[in-house]
Amino acid sequence: MSGPIFMGKINVKWCDECDLPVIGERCDICNNVPREMKITPPGEMRFLFKEDFKRVDEILSNYIKGQFSEIVKDYAVLLNKIPNEDRAEEIIMHGDVIFTIYYKNNSYHLSLRPIFYDLFKEYIKGKIVIADDGAIESIKEGKNLMWPGVLEYSKDINENDHVFVLDRNKNCIATGIFKKPKDGKGVSVKIKYLNDKKEIKVKKANIDKIIKANISYLNKIEAKAIREIKKFEGKNVLVSFSGGKDSLVSLYLTILSGIKFKVFFLNTGLEFPETINYVNKIKEKYGIDMDIIDAGDAFFKSLNHFGPPGRDYRWCCKVCKLGPTTRYLINKGEVYVIIGQRKYESFTRYKNSRQWENEWVPNQKAFSPIQNWDSLSIWLYIFYRNLEYNPWYEKGLWRIGCYLCPSQDMGDIEIVKKFYKDYKRWEDYLYEYFKGYKDAEIRIKYGLWRWNNIPEHLKNEFGVENINRNTLKLEFEEDEKIRIKIDKFDKERLKNMLNILPREVYNIKENYVEAEKSLKDQLVQIIYQSEECVGCGICSGRCKYNAIEIRDNKAWIIEDLCMNCSACLGPCPAYVFR
């Protein structure tokens, strides 16, 4: 993702009178209408935790004396997660972005705004370029600072450092990227941001004061969510609890609604130990009826077949999440599952309504009471209601799930590697998988394994190509009918799986299977399911006759129960990810 993504109105604004964020129409402390902030959409914000501050302190160590975390500890400071090739965040103070940090090629980089200098002038220790009077006006017109216009610059500046551009009176005019001159010519600073000086009312604001300023809004969205949940009273309601902040809020709102429900937690086999402990703690704390679904070692058992998962190759979710969930829901009839999902998380989720159905999981109707909540609303609500959250958030992660999820940014993976020693198991697998490739180190170090089809710009940057996975090769003959060679396949399994179709529509011979051309797609899928099944069990959830069992990590048709209805021929990982 390289540019801003619009996912609806940015709700978070800033009250200049109280110097804090406000999500409602007015500040509940001073009753003023807050102003809109100039931030990057979609506006996913949260507070900084201890490890966030440590990271920022380290990044700013070459710019300021003292620690940023200590200097700002009494003020409202937010992180705004912004779309980028890797992890990137705007740091917001006094309703403005004061700098941006972004992760690229295994290190953090900094982009400063002029307001940072104005706010922390007494702490600035370097990275300064003094411009000649004659260059000031051209800078204000949006032009770069050329080398002849430089009076002096601090000796701590390196090529491509972000620097402060000052006039003779030490007023910050702009910030930009420093370029070393060649023979006294060329650009010295590529200007990025001009200083639009304005008056700032600097006031202290702790979390209690921020909650007080937003109390009417928090009560309003809580009441609305509870009303929506109460509409499911008397239905078969389940709450999906993942151990993350969003599902925590959805669970708590369901508890407040007073309806009857049951909770389930899916252990994908890739959860942090702290997440497992946290889920059990929540279960005990609220005395809730909770089922634990355990995917076991399904992920690692499926690796030999699929290879590493990718952002564009999410077989892992189907095998480790949807498969176990489908098997869990068998014989439960129509269920309504309350989920912690929000539209601001991704463009795919933005397109969902509050209630939807998943083609991979039959008989389930999903509903999210927090679909329109932004991240800051979630966190303010958690602090307002004093909800205990997963401790991994305090390590700096925005979202918590499988520890090796390919959707993670490399900045997030560095956090996981720092605090979770068992990540080495995954790295060991990657080194074994890419063994023999001369660019193996690059693929692992820079996270290129996170794509099945690597984006072109990354191919060009790192000089790599896609690795084609060995997959099933089918040989066809077509005339009035379709014939597929099966001499190299497991015929016992194929005969069993062909029960999916009515017996009269196909013929199976010694070396091929034959059917009408109109059945080509179904026949191909059945062959893939026969040969490449990993036993996820998704198909079994579609069978109302309980005619599919999982045996030896593969799905088998129970012929005495099968009605040859083909209802199980829905989306299948073995076929979709072929």
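Residue numbers start at 1 and run along the sequence shown.
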Once you round to the nearest 0.5 Å, how far does CD1 of Ile557 lie from SG of Cys543?
7.0 Å
Hey, does the side chain of Glu51 reach the backbone of Ile415 with a donor-acceptor pair shorter than 3.5 angstrom?
no
Paired with Val524, the side chain to side chain contact (heavy atoms under 4.5 Å, CB included) test is passed by just one of Leu472, Leu474, Ile482, namely Leu474
Could you tell me whether Lys417 and Glu414 make a salt bridge, using a distance below 4.0 angstrom between a side-chain N and a carboxylate O?
yes
So do Ile378 and Ile370 actually touch side chain to side chain, heavy atoms under 4.5 Å?
yes
So Tyr393 and Tyr389, would you call those rings parallel, tilted or perpendicular, with 30° and 60° as cut-offs?
perpendicular
Could you walk me through whether Asp552 and Lys301 pass the salt bridge (charged side-chain N to carboxylate O under 4.0 Å, His left out) check?
CA-CA 12 Å; Asp552 299 327; Lys301 285 180 179 177; over 6 Å; no
Proximity of Tyr102 and Tyr108 rings by center, below 6.0 Å
no
Cationic N near anionic O, under 4.0 Å, Glu492 to Lys495:
no
With a 6.0 Å cut-off (strictly less than), is the heavy-atom count around CD of Glu478, excluding the residue itself, greater than 12?
yes
Set out, in order, the CA-CA distance, both residues' side-chain angles and the distance that settles salt bridge (charged side-chain N to carboxylate O under 4.0 Å, His left out) for Lys260 and Glu233, then state yes or no.
CA-CA 7 Å; Lys260 185 179 179 181; Glu233 191 164 10; over 6 Å; no
For a salt bridge (charged side-chain N to carboxylate O under 4.0 Å, His left out) check, start with the C-alpha distance between Arg55 and Asp52, then their side-chain angles and the critical distance, and finish with the verdict.
CA-CA 5 Å; Arg55 178 165 46 93; Asp52 296 312; 2.9 Å; yes
Side-chain (Asp312) to main-chain (Asn452) donor-acceptor, under 3.5 angstrom
yes
Is it true that atom NZ of Lys332 has more than 12 heavy atoms of other residues, nucleotides or ligands lying nearer than 6.0 Å?
yes
Side chains of Lys445 and Asn106 in contact at under 4.5 Å (non-hydrogen atoms)
yes
Other residues, nucleotides and ligands only: do more than 12 of their heavy atoms fall within 6.0 Å of NZ on Lys435?
no
Could you tell me whether the side chain of Tyr278 reaches within less than 4.5 Å of the side chain of Glu388, counting heavy atoms only?
yes
Going by atom types only, do Trp398 and Glu44 share a side-chain donor-acceptor pair under 3.5 Å?
no
Examine Lys395 relative to Trp392 and say whether NZ or CZ is less than 6.0 Å from the centre of the six-membered ring and inside a 45° cone about the ring axis.
yes
Determine, using ring centers only, whether Phe241 and Phe265 are less than 6.0 Å apart.
no
Fit a plane to each ring of Trp373 and Tyr381, take the angle between them on a 0 to 90° scale, and name the class: parallel (under 30°), tilted (30 to 60°) or perpendicular (over 60°).
perpendicular
Pairwise distance CG(Asp294) to CD1(Ile276) - rounded to 0.5 angstrom:
8.0 Å
Establish, yes or no, whether the cationic atom of Arg443 lies under 6.0 Å from the six-membered ring centre of Tyr433 and within 45° of the ring axis.
no
Given Glu222 and Arg385, is the salt bridge (charged side-chain N to carboxylate O under 4.0 Å, His left out) satisfied, shown in steps?
CA-CA 11 Å; Glu222 177 189 70; Arg385 291 304 186 192; 2.9 Å; yes
Crowded around Lys491 NZ? As in, over 12 foreign heavy atoms under 6.0 Å?
yes
Could you state the interatomic distance from CG (Asn390) to CZ (Arg399), rounded to the nearest 0.5 Å?
12.0 Å
Do the ring centers of Trp449 and Phe434 come within less than 6.0 Å of each other?
no
Neighbour count >12 (heavy atoms, 6.0 Å) for atom NZ, Lys517:
yes
Short side-chain donor-acceptor distance under 3.5 Å, Tyr403 and Glu271
no
Under 6.0 Å between the ring centres of Tyr336 and Phe367?
no
CG/Asn105 to CG/Asp86 distance, rounded to the nearest 0.5 angstrom?
9.0 Å
So OG of Ser377 and CG of Asn372: to nearest 0.5 Å the spacing works out to 10.5 Å
Can you spot which of Ser242, Ser368, Ser240 makes a side chain to side chain contact (heavy atoms under 4.5 Å, CB included) with Ser247?
Ser242
Looking at Gln408, is its backbone amide N or carbonyl O close enough to the side chain of Asp412 to form a donor-acceptor pair, meaning the two atoms are under 3.5 Å apart?
no
Between Arg314 and Ser407, is there a side-chain donor-acceptor contact under 3.5 Å, judged purely by atom types and distance?
yes
Determine whether the aromatic ring centres of Trp426 and Tyr431 lie less than 6.0 Å apart.
no
For Glu334, the option from Lys365, Lys235, Gln364 that meets side-chain hydrogen bond (donor to acceptor under 3.5 Å, both in side chains)
Lys365
Going by distance alone, is a donor N or O of one side chain under 3.5 Å from an acceptor N or O of the other, for Thr40 and Asn80?
no
Between atom OG of Ser375 and atom NZ of Lys245, what is the distance when rounded to the nearest 0.5 Å?
5.0 Å
Hey, would you say the Tyr328 and Phe264 ring centroids sit under 6.0 Å apart?
yes
With the side chain counted from C-beta on, respond yes when His305 and Trp315 share a heavy-atom pair under 4.5 Å apart, and no when they do not.
no
